[in-house]
Amino acid sequence: MQQIEMEKYFEPAAAEEKWYHFWSDKGYFKAHRDPNKTPYTIMIPPPNITGKLHIGHALTMTLQDITIRMKRMQGYSALWLPGTDHASIATEAKIVEMLRKEGVSKEDLGREGFLRRAWDWKKEYGGTIIKQLKKLGSSCDWDRERFTLDEGLSNAVQKVFIDMYNEGLIYRGERLVNWCPCCHTSISDAEVEYEEEQGHLWYIRYDAPDKSYSVEVATTRPETMLGDTAVAVNPKDERFAHMIGKTVVVPIVNREIPIIADPFVEMEFGTGAVKITPAHDFNDFAAGKKFGLEIIKVIDEDGKMLPLVPKYAGQDILTARAGIVEELKELGNLTKIEPYMHKVGKCYRCHNTVEPLVSKQWFVKMETLAKPAIEVVKNKEIKIIPERDEKVYYHWMENIQDWCVSRQLWWGHRIPAYYCTKCGAIHVGESMPTHTCSCGNNTWVQDDDTLDTWFSSALWPFSTLGWPEKTEDLSYFYPTSTLITGRDILFFWVARMIFSALKQTGKVPFKTVAMHGLVRDALGRKMSKSLNNGVDPLEVISEFGADALRFSLVQGLNLETDIKYSKDKLTVAKAFINKLWNSAKFVFGAIADTDFKSCDPQKLQPEDKWMITKLNEIITSVTAELEKFEYGLALQKLYDFFWNDFCSTYIEMVKPRLMDEGVETKTEAAHTLYRVMKAVLLLLNPFLPFVTEELYSKLPDGHDKPLIITDWPTANAEKYPEDFENIELLKYFITSIRNVRVNMNIQPNRKTTLIFVTTSKGDFIRTVAPILKKLAFAKDVIIQPTKDGIPVNAIAVESLAASAYIPFEDLVDVAAEIERLNTEKAKYQEMIARVERQLANEQFVSKAPKEKVDEQRQKLADYQKLLSATDERLAMLKK
RNA sequence: GGGUGUGUAGCUCAGGUGGUUAGAGCGUUACGUUGACAUCGUAAAGGUCGCAAGUUCGAGUCUUGCCACACCCACCA
């Protein structure tokens, strides 16, 4: 046993710097197309280049890193491909904001100038997030890093667009789309978030041209009435039956519009009549199509009123609304105002209210794409974890609308569509057409718009590997193995990758999707700037280290629910890492002088065999949990194994053998310590890569490989059931004795006593007597077959296979021991009564399986035995 | 309105196919500081398993209903 010179604590900063460079320089993150290995591929969910690392990234990256590190150690050719997303709308907004501060608008710069600035911006900030990802210890293959606006990926995007257009899967149409007046672009359905808002329901009376009848409508948006082209009622509604087909006049604009009947109108809501504004409401737009109604735009792309009524022209919506309500009041057409809670669509990027607007946009036709995408999940070619999310996925896919993919932005993949400047004919192709249009004109102009950023990320799993080129990477690493990402982008990204991959490559993009929840604060609230409750992972790393951050994120994690995160978890993490450090220091000292070659398996002691049994169990179960993406459970099990089984139990049991003179099984103890310690470092490495690598490098066994590329441990077939049971008994015995000592308030705490043991397992107790001496504070352990000669004044600790008697000497009084024994007795009596009641129940005895009944009978016998032993002690003491 | 979850100790979470003393860590309390670690040790207290019915010899576990919370979806203007 040596004293090892080691730092008192693990110092994360230095180790992180050292090991990350080491791994990276040695090329351990790099994946090779090794024909003798099986590929295992994970594609990073590419973070935005606008991004600063937040706790959500830290979680996703940690989970991916855990999986890829395990797979690498298991001998797969493990590729974790990193990269970033240009994030068109988010990035463009940031750049516009930056320009605004300079007093320049994007129009001032023009498209070219703006894009130059955007690329400058990307160069400056795009690398930031990558640097931060590295701080977490992420073992990505950085040589394969991609960006969604790379040349290769852009080619893929262009090819997909052109091919799909030629197949009729992409079309241009004038339709109602969600428009964000703030970002000044259309957005897809998925990009709209609905939020509850307190509003009003305004009741407006529309009169007949001759005032002989009237109809009242209810609306939350009175300003859109300027564009009303009908009033709809339910055909079954008798109140309005006589009016159907007649007309009413829209106040203010004095437009005569028809009253139409359609079953979509809810009779119970509002007045039962609804005004139809096809230009600004999805429902109304559909009705307008159906009934051939005129579409009259009221609001423009800036969210300002069009000059339908001159005095409102150019006003913003809320101003115009107030004016129109006032005017209706004056006209006497406003009949009622009710407060009303309703959902309002907001842009997921800027959170401003979205305006449905009619405009010409490009769409992806979803129907034919959705079907196979549903099929591959149904037939398990893709497995979604947790499984229940499959239902969410089906529901979305089955009800999917066409995907609006054009964006009125400059930062992104420009749509490869060209229009004849004379007749507007469309040409879709790789470059500006050189031919003459059928109308005789030969000047063309490219579409100004770019594609939805998700259009390019939908191709990520294969475009990053070189598709559409038939690259070696693509054929080796694709389809990828697992996608690990947040549940929030199931529709944005996961679903779209699935149908895109099937369409473009004919293969699934990945075989498994594991989705985790959102990281919330300790109270379960979303982390937000306004609440200032965010946790900055970079601060955590500088204060506690990346390992501690990773530990704290995985601790208590499950994939079903959101994660409640608080810095308290770091306390546990820090303590654990410290314990690991110190136990390693001890083990290194214990094995320093050991010649493992002289280790004799025959000389393994019961506690060694117990430990080996436990080790085999933990290797199996941790591996299984990780394969199931049960990161939290895997870590929990490792924690318990390491802290309780290894440190508290095994190391403590083995200390006498290591330190006492003249012990013959020192080598076997040392070897077992080494074996378990090494396995612990291996199993913990995916979770805590830095501290484990650091410790492994200090492990004095002359290994030549760093931990990161060492083989993942596998359980072997060693089985020692008898030794295992015996040690379990010993543990129970020790705990009971300690318990009694505390209860009897033995002073001083460490005072040793004689322990008499009566047992049927004399040989075993004799073997472990040194352990008993140390852990049960025995001065000496006297083993005898019967109770003869044991002092009457002794504390008794009864168990089924062995009983211990601790002589009082002058430490405790008889009365206290009698009281304690009476408590024990009462406990046994209660147990016996319970079991007897059950066995007296004929229904139980006749209907329960025989093993269960026998089990209870055995239990009854055991309790009776313990009770009589207790009674015997009481009788003796009372004498 | 529909869907999907969640609800177990003060807190964070475990609890295959129902089996009778419901577990762990943190926190709390008491005692302690012993050969790696006070970022430690020994022990204790702490739970009518959201509520109510039902199925069963037996329910934290299965069924139904309800309550609370969360998330997702949806065209009640």
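By convention in this document, chain letters (A, B, ...) are assigned in the order of the sequence lines, proteins followed by strands, and residues within each chain are numbered from 1. The basis for the numbers below is simple: all heavy atoms, side chains too, and nothing from hydrogens, waters or symmetry mates.
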Side-chain donor-acceptor pair under 3.5 Å between [X] and [Y], yes or no?
| X | Y | result |
| --- | --- | --- |
| Asn582(A) | Tyr9(A) | no |
| Asp854(A) | Gln858(A) | no |
| Lys275(A) | Thr224(A) | yes |
| Tyr203(A) | Glu338(A) | yes |
| Thr561(A) | Asn558(A) | yes |

Nucleotide nearest [X] (side chain, heavy atoms from C-beta), chosen from [options]:
| X | options | answer |
| --- | --- | --- |
| Arg388(A) | C13(B), U34(B), G5(B) | G5(B) |
| Asn739(A) | A44(B), C40(B), U21(B) | A44(B) |
| Cys647(A) | G35(B), G25(B), A36(B) | A36(B) |
| Lys564(A) | C37(B), C13(B), G19(B) | C13(B) |
| Asn578(A) | U21(B), C37(B), U4(B) | C37(B) |
| Arg834(A) | A14(B), G41(B), U21(B) | U21(B) |
| Glu652(A) | U4(B), A43(B), A36(B) | A36(B) |
| Tyr639(A) | C13(B), G25(B), U39(B) | G25(B) |
| Met659(A) | U34(B), A14(B), G35(B) | G35(B) |
| Ser648(A) | U4(B), G15(B), G41(B) | G41(B) |

Taking the six-membered ring for Trp, are Tyr639(A) and Trp643(A) parallel (under 30°), tilted (30 to 60°) or perpendicular (over 60°)? parallel

Does Lys579(A) reach a base, just sugar-phosphate, or nothing at all? Heavy atoms under 4.0 Å. base

Just call it for Lys574(A): base, sugar-phosphate, or nothing, with non-hydrogen atoms closer than 4.0 Å on any strand. base

Using both distances under 3.5 Å as the test, list the Watson-Crick or G-U wobble partner of [N], or none.
| N | result |
| --- | --- |
| A52(B) | U64(B) |
| A14(B) | none |
| C71(B) | G3(B) |

With C1' as the reference atom in both, quote the distance from A59(B) to A70(B) in angstrom, rounded to an integer. 27 Å

Counting heavy atoms not belonging to Glu842(A), are there more than 12 under 6.0 Å from its CD? no

Ignoring backbone atoms, establish whether [X] has a side-chain N or O less than 4.0 Å from OP1 or OP2 of [N].
| X | N | value |
| --- | --- | --- |
| Asn743(A) | A44(B) | no |
| Asn582(A) | C40(B) | no |
| Trp643(A) | A36(B) | no |

Rounded to the nearest 0.5 angstrom, the CG-CZ distance for Asp262(A) and Phe264(A) is 5.5 Å

Before accepting this row, confirm whether a basic side-chain N of the pair Glu830(A)/Lys827(A) lies closer than 4.0 Å to the acidic partner's carboxylate O. no

Heavy atoms under 4.0 Å is the rule here; annotate nucleotides 70-77 of chain B 5' to 3' with B where the base is hit, S where only the sugar-phosphate is, and - elsewhere. SSSSBBBB

Base-contact (B) and sugar-phosphate-only (S) positions in nucleotides 56-61 of chain B, heavy-atom cut-off under 4.0 Å, - elsewhere: -B----

Return the set of residues passing side chain to side chain donor-acceptor pair (under 3.5 Å) with Thr692(A) (not counting sequence neighbours), or none when no residue passes. Asn685(A)

Scan Phe576(A), Phe586(A), Phe10(A) and name whichever one has a ring-ring contact (aromatic ring centres under 6.0 Å, His included) with Trp581(A). Phe10(A)

Please confirm whether any donor atom in the side chain of Tyr393(A) sits under 3.5 Å from an acceptor in the base of U4(B), or the reverse. no

Please evaluate the base of A36(B) for a donor-acceptor partner in the side chain of Lys655(A) within a cut-off of under 3.5 Å? yes

